[in-house]
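The sequence lines fix the lettering, A, B, ..., with proteins before strands; numbering per chain opens at 1.
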There are 2 protein chains.
Amino acid sequence: MATIRDVAKLADVSVSTVSLALSNPARVSQKTLEKIRQAIAAVGFVADPLAQSLARGRSRMIGFVVGNVGNPFFGDIRRELENYALDHQHFVVVTDSSGKTDRERALVEHLIGLKTAGLALAPSGYDQDYLDFIAGLNVPVVCFDQKVVGIERDFVGSDNYLAGAMLTEHLLQLGHRRIAVITGPSHMHTATERYRGFADTMANAGVEVSPNFVVDGQFTRTAGYEAAMRLLIQPERPTAILGANNTVALSALQAMQELGFRCPEDISLAMIDNVQWSSVITPRITMVVQDTHALGGIIARRLMHRITNPQGAVEPPQDFVLTPKFVPGNSCRRI
Amino acid sequence: MATIRDVAKLADVSVSTVSLALSNPARVSQKTLEKIRQAIAAVGFVADPLAQSLARGRSRMIGFVVGNVGNPFFGDIRRELENYALDHQHFVVVTDSSGKTDRERALVEHLIGLKTAGLALAPSGYDQDYLDFIAGLNVPVVCFDQKVVGIERDFVGSDNYLAGAMLTEHLLQLGHRRIAVITGPSHMHTATERYRGFADTMANAGVEVSPNFVVDGQFTRTAGYEAAMRLLIQPERPTAILGANNTVALSALQAMQELGFRCPEDISLAMIDNVQWSSVITPRITMVVQDTHALGGIIARRLMHRITNPQGAVEPPQDFVLTPKFVPGNSCRRI
DNA sequence: TGATTAAATCGAACCGGTTCGATTAAGCTA
DNA sequence: TAGCTTAATCGAACCGGTTCGATTTAATCA
């Protein structure tokens, strides 16, 4: 592999001139530039990214840290980020924390060690220790998905309150009153907001919600399934279930199927966030989806902005909250 | 950030001794070792991976290159690899080529530039140019999923011929004769093998296959959907459809639903490879799945073996082919 | 106890770039 | 043409480790 010294020797200039020619051609004379160009082509020189990173103290890599790369929500965002980064000579390193805070931390530390230019992070923690950790990161960070109070970083996400409210309103309009909700972890902003959206909408409509109709599904498959089961075995069953995310909603659908309840004839179902192949799931679930394309674009641009304008470190963190979209299916019937 | 020189100064030894103590403690005296240990703890020294990689000419990173990280098949394998690598002080850099050969190439080149210790690669190309490129890679490489003739590397995959044969046999046993197949790209080994398994089994059973019943779905959603449509609008429809991968099979299901065909009452459906949430898709598709857990384990161990035994470069490449598993659903009816 | 050998440690070069103050060349003014 | 500015180029230090031959120290043996 040819090094910058080979180029310098062949072009008969100093190493520093070659380096300068590469990073700031305007400051090198035309004829020297030409000599260097030819030398580079002759020896087939390509700068070693590792050496560059070491010398500069910064690489051209962007860390992408989420809890589940398999989730299409994160997948769409990842794709947006990758494309945008590629257009700006950056390279995305994808990592998966499986939702575990300690793993996420190890990953982030590793990425920092790699001197990544910036981080796109879907936070998985919330306690003071975690906040301190994030605050201590000395690179541009754009958080997304979960808004964590106490994190002073740019944030990109959706209006989760509205998401919960929209679906609840829809069910109310269809005549449902006995509406149950399967929620997520109480420390997750998305979970609490979606629930607030539900609760407020119900309250505004003057419909009381039985405590038995609010169950915690932890946003996981097993907990979601159990939560749904608890709802379904009650003598006074709900007529509709709102799944606060895709996982718990589909777990509920599975539970319904196993218990022999038909959807929507017996029980209606609505969910927040899409899944792959939702179009072939019967019934097609009525849902509210986030604009992953737009979210990804904003994350990418904001992060790259922070990276290329390091002086803008003083620029205060900003929240970008997008409006989610209602996508009707046929899983909710009028009663 | 503390450097190795800080440690050396505090422990009152040379930098090289500290380095030696870290890489080969046995060659350093007990008391020096202890001094160094304390100094490391005192200054909170952590070796800079970038500097190490530059000096060693090799990093502790493993490149993972696939066409779609969101695909649960690749996701499962990724997880296996990550866990195994972590246990061996390595770090997996996940990249997504979107199935594009040129993008894959750029990613691989980038990873090589990062001096990755090894590559786990699901090949997306097949022409001579591509073969040369892969052959020229001067790092341990374990290929998986697609077996590409001409690539002289370790390969880990499933018996795709058997996968195709199993489902075909199953449909034949149920009494189907008019069985159609939606295939994948002819340059993909998985596609041709699965088709061969289908064709041979049909031939062995003495059942002729109408050319109209073999359509190319490119393993993509749009092509799969169109292929399915072509099958379904024929006057002489098949009684069963075999989707050679999950994408084309589910596209077919969607087409069937849209045209008002019931599955399995009107048409049976079987597919190769699982998808997320298949358990809530109605009907539950009968399928053959790969043992992703085992595949991932073998890939991980083989790659790490190559990495830690570089002299074993002479060890000839080996193929590991696992037997897929039949998972009955209720998408195939007896006729 | 001096010679021999092995073990422990060190110094310096190196990996391949970047950066910045110093030096030289070129251009302009009086 | 001397004097001054600006542009172009250079040299050396640096980023933070590793490596290996050289040197010092300790252990072994005659």
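Listed by residue number, B:Val15, B:Ser16, B:Ser19 are the residues of residues 8-43 of chain B with a heavy-atom contact under 4.0 Å to DNA chain D.
When heavy atoms are screened at a 4.0 angstrom cut-off, B:Val46 is found touching the sugar-phosphate backbone but no base atom.
For A:Ser158 (side chain) and A:Asp291 (main-chain N/O), no donor-acceptor pair under 3.5 Å exists by modelled atom type. No donor-acceptor pair closer than 3.5 Å links the side chain of A:Gln146 to the backbone N or O of A:Pro123.
By the 30° and 60° cut-offs, the orientation of the rings of B:Phe144 relative to B:Phe74 is perpendicular. The aromatic rings of A:His187 and A:Tyr126 sit parallel, their planes meeting at an angle under 30°, below the 60° perpendicular limit.
From the 5' end on, the contacts that DNA chain C makes with chain B at under 4.0 Å to a non-hydrogen atom open and close at C:dA8 to C:dG16.
Relative to the ring axis of B:Phe133, B:Arg105 places its NZ or CZ within 45° and under 6.0 Å from the centre.
One finds no salt bridge joining B:Lys100 and B:Glu104 here, because no Lys/Arg side-chain nitrogen approaches an Asp/Glu carboxylate oxygen to under 4.0 Å. In summary, A:Asp76 and A:Arg79 engage in a salt bridge, as defined by a charged side-chain N under 4.0 Å from a carboxylate O.
Remark: A:Asp319 engages A:Lys147 in a salt bridge (charged side-chain N to carboxylate O under 4.0 Å, His left out) (not counting sequence neighbours).
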